[in-house]
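Below is one structure; the comments refer to it alone.
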There are 2 protein chains.
Amino acid sequence: MTLKKKPTTGMRDILPREMEIREYVLDMIRKTYKSFGFDQIETPCVEPIENLTGGHGGENEKLIFKILKRGEKLRLAEAKEEADLTDGGLRFDLTVPLVRYYSNNSAELSSPFKAMQLGNVWRADRPQRGRFRQFMQCDIDILGEASNLAEIELILAMTTLLGKLDFKNFTIRINDRRILKGIAKYCGFNEDQYDDVFIVLDKMDKIGADGVKEELLSAGYAQDAVDKCMSIFAAQDLSEGADGVGAVGLDRLSDLASTLGDSLEEGVSDNLSEIMSVAADSSATEFKILFDPTLVRGMSYYTGPIFEIAMDEYGGSVGGGGRYDTMVGRFTGQDTPACGFSIGFERISMLLMERGYQIPSESKKVAFLIDKKCTADQVRSSIDQANKLRAEGAHVSVMRMKKNKKFQKDQLTEQGFTDIREVFND
Amino acid sequence: MTLKKKPTTGMRDILPREMEIREYVLDMIRKTYKSFGFDQIETPCVEPIENLTGGHGGENEKLIFKILKRGEKLRLAEAKEEADLTDGGLRFDLTVPLVRYYSNNSAELSSPFKAMQLGNVWRADRPQRGRFRQFMQCDIDILGEASNLAEIELILAMTTLLGKLDFKNFTIRINDRRILKGIAKYCGFNEDQYDDVFIVLDKMDKIGADGVKEELLSAGYAQDAVDKCMSIFAAQDLSEGADGVGAVGLDRLSDLASTLGDSLEEGVSDNLSEIMSVAADSSATEFKILFDPTLVRGMSYYTGPIFEIAMDEYGGSVGGGGRYDTMVGRFTGQDTPACGFSIGFERISMLLMERGYQIPSESKKVAFLIDKKCTADQVRSSIDQANKLRAEGAHVSVMRMKKNKKFQKDQLTEQGFTDIREVFND
């Protein structure tokens, strides 16, 4: 009959103060993304197990919380392996469910379809500080828009959002998967080596150019290819425009395109330039958008521009996304260009909490403490006053006065009640 | 590599139009409940399995979606029964998690603690029309308030909410578990028969007084007790005040209290009268609050006043709650009075959908269709105009003009875009 007090391992209870910040951020996300024409949608938290284990989730597929079959379908005695016991799992991201949703409902959806999803996902990761097994993801995706208007609208929506949440001095690092491929091709790597080479390149900001070189060589790639690759990155000065705003690195981008020549798909460099300059010019929020040929992003499903938000304050990425034009088609059999962005909701909320962020225009908090000797008419009168204050926008709580009135009032003050009214029968 | 298109059995994808209504209702719930001083909180969707199977969930404990153990902890070869395979489950309600949350965090919570929880719950029910295996619950609970201010504030919060959602002509049926016990005692039933008798009484509105009488007799209860019981209900005219508003049945309540005499706990009738009259007088929304001694409500954990919202339109309950003063103490070892209310979010949203509810002050929807021959400068200029409109509150989408422009425009019009601007390079 006793209860386990602690929440499930790796998951957590959220206290009122943090909830206020989270709900404020969510509200801002909803309003901002809606103003950019995104429609909110929802899918079940439980996905059919085959959709989670089809190879589109990368490492996340090892971290699924699986659901036990129920009733007659669970045949424990005959079960030989885990797969015999389960028919569903908690979703580990919102991309796989989005693709399923799109293929299930496309007849009723607009084209392009601009989707906003705000929902929990679950990953049975090793528990560690600041990382939880249940967390919120907030994704926007545009399906069916082949032009770079998709990238531009996604970047503007997220930078507008960050501006509204008072974030300043952030950088969008941007690259294109096809530029990475162009570099690999130019250097003479084999096509089946590309993804492995990218994984090493991705470590550039952690282990530096020398570290990358060493790792590539010790992995057995040709000296010649590695040298060519390193000379390309040596020609790119990523410290350029360190304190600048706007589009930074357009010249470097065009230099790189000239160097790569035929190795780079046509139009890729112009497309990326246009995204960078239109986004930088059109945003109400000040930010830097930096061409960064070392940006890789993990998921192999990206096919075009990729981007990530870096924030000095945080020292890491607080969101990212990119174009994935082939994923929907592989699932549905029908080619559908797609581009998405996911903001790091948990990190953003944590940063605001740590900063002691004050929510603008927070409502006044009023408490009525009713002495127990009060008559029903006095209670009625207090409630009437409370209702008037509520109609004016205040948050009002009517409660019994406790024996230890001083403690009660101190506690209320601590919780932000600035107006405490005592009601006696006198 | 192919994807299962349909969502998990018994669960569903939610389309944009329905999401708009749901989000509107949720937003109204948050704002209204906050104005009554409720603090939003959140618990993980996954609860430790022992908390879900401890006997507090009634029938729901048979409907748990259980989570498979992971890694080394899953020992399939040694597993003898289901319990060996699972360490968690999806919560089937928000009450059990609330009690765990309160016992885990009470040092950091106010007293009384007014909690608002909006979250999904899961029940592996037999799938049927309008009933899903994942659905939202929206609960408010007051922990630590022994006086009837708790019931009054809960009733006012929910009636204010329903008024804001344009619901009219609803009735709150109200009773007290102790009145039911008083009746059973007066009639001479044995104490261990009470709960079973209540289950039969609960069918009064479905099978009528004759049906109840028959069922009680055929269950073997004494003719004398059954006759006494039926005469009590015969004296209560529940059709009273059929079209009325305000507190209805105060005289019937006091007559019943006189009849029951010593069988009824002292103060119960006055307490209920006060809740009814103060709530009826103080609400900005017009409704009827009807004393209904046939109201039972299923869960056996209720200890005092119980209430339920009936809506003619729906023909059933769209929410209910009551006082459960002993449940928290049984879990935590410390007596804590508690009272809660759960609104039928899914039913409310469905009623609004069926009605074709128009969300008040919905934003204007504008689309820019950009011809593919446009220059980057023309795109920039359209985006600038879009940003201005966004700042004025419009929802604006900038997209590439399609070859079949007429179809594209028709589709946009259908989705509520009232202002479609075509941008050409001319």
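Numbers restart at 1 for each chain; the letters A, B, ... are given by sequence-line order, proteins then strands.
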* Full working for side-chain contact (heavy atoms from CB on, under 4.5 Å) between B/I14 and A/I41 -> CA-CA 6 Å; B/I14 303 177; A/I41 62 160; over 6 Å; no
* **B/M11 vs A/C45, side-chain contact (heavy atoms from CB on, under 4.5 Å): CA-CA, chis, key distance, verdict** => CA-CA 9 Å; B/M11 304 185 188; A/C45 299; over 6 Å; no
* To do: Dump the intermediate steps for side-chain contact (heavy atoms from CB on, under 4.5 Å) on A/D27 and B/D27, then the final yes or no.
  => CA-CA 9 Å; A/D27 196 47; B/D27 194 49; 4.2 Å; yes
* Asked: Passes side-chain contact (heavy atoms from CB on, under 4.5 Å), A/V46 versus B/W122? Steps please.
  -> CA-CA 10 Å; A/V46 181; B/W122 292 263; 4.1 Å; yes
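Residue A/Q415 touches chain B through its side chain alone, counting heavy-atom pairs closer than 4.5 Å. Contact annotation for A/A376: both backbone and side-chain heavy atoms come within less than 4.5 Å of a heavy atom of chain B. Neither the backbone nor the side chain of A/V366 comes within less than 4.5 Å of any heavy atom of chain B. Residue A/L389 does not touch chain B at all, counting heavy-atom pairs closer than 4.5 Å. Interface remark: A/F113 contributes side-chain atoms only to the contact with chain B (heavy atom separation under 4.5 Å). Contact of A/I142 with chain B is not made at all, since no heavy-atom distance falls under 4.5 Å. Of the two parts of A/L76, only the side chain, counted from C-beta on, holds a non-hydrogen atom closer than 4.5 Å to a non-hydrogen atom of chain B. At a 4.5 Å heavy-atom cutoff, the contact between B/I370 and chain A is made by side-chain atoms alone. At a 4.5 Å heavy-atom cutoff, the contact between A/R133 and chain B is made by side-chain atoms alone. Both the backbone and the side chain of A/S277 come within less than 4.5 Å of a heavy atom of chain B. When heavy atoms are compared at a cutoff of 4.5 Å, A/T9 does not approach chain B at all. Interface remark: A/L90 contributes side-chain atoms only to the contact with chain B (heavy atom separation under 4.5 Å). Heavy-atom distances place no part of A/D377 under 4.5 Å from chain B, backbone and side chain included. Contacts between A/I152 and chain B at a heavy-atom distance below 4.5 Å involve the side chain alone, from C-beta outward. Contacts between B/R30 and chain A at a heavy-atom distance below 4.5 Å involve the side chain alone, from C-beta outward.
When all heavy atoms of B/K5 and A/R100 are compared, the closest pair comes out as O-NH1, 3.0 Å. Contact record, B/Y101 with A/L15: OH-CA, 3.2 Å, taken as the closest heavy-atom pair. The two residues B/K402 and A/G144 have their closest heavy-atom pair at NZ-O, 3.9 Å. When all heavy atoms are compared, the tightest approach of A/Q134 to B/T43 is NE2-O, 4.4 Å. The two atoms that bring A/K4 and B/P48 nearest to each other are CD-CB, 3.8 Å, heavy atoms only. Residue B/N387 comes nearest to A/S282 through the heavy atom pair ND2-O, 2.7 Å, listed as atom of the first residue, atom of the second, then distance.
Under the side-chain contact (heavy atoms from CB on, under 4.5 Å) criterion, A/L68 pairs with A/L74, A/L85, B/K66, B/L68, B/E82, B/L85, not counting sequence neighbours.
The most heavy-atom pairs under 4.5 Å with chain A, out of B/Y102, B/F407, B/F65, come from B/F65. By number of non-hydrogen pairs under 4.5 angstrom with chain A, the leading residue of B/T32, B/V278, B/L63 is B/V278. Among B/L149, B/T332, B/D39, the residue making the largest number of heavy-atom pairs under 4.5 Å with chain A is B/L149. With chain A as partner, the option from B/L156, B/L109, B/L412, B/N120 having the largest number of non-hydrogen pairs under 4.5 angstrom is B/L109.
Distance check: B/Q411 CD to A/S111 OG gives 6.0 Å after rounding to the nearest 0.5 Å. Rounding to the nearest 0.5 angstrom, the gap separating the CD atom in B/E274 from the OG1 atom in A/T375 is 8.5 Å. Once rounded to the nearest 0.5 Å, the distance linking CD of B/Q40 with CZ of A/R22 reads 10.0 Å. Interatomic distance, A/T8 OG1 to B/D87 CG, rounded to the nearest 0.5 Å: 8.0 Å.
Counting only N and O atoms by type, the side chains of B/S397 and A/K114 include a donor and acceptor under 3.5 Å apart.
When atom types are taken as modelled, the side chain of B/E153 and the backbone of A/V398 share a donor-acceptor pair closer than 3.5 angstrom.
By the 6.0 Å and 45° rule, A/R390 stacks over the aromatic ring of B/F36.
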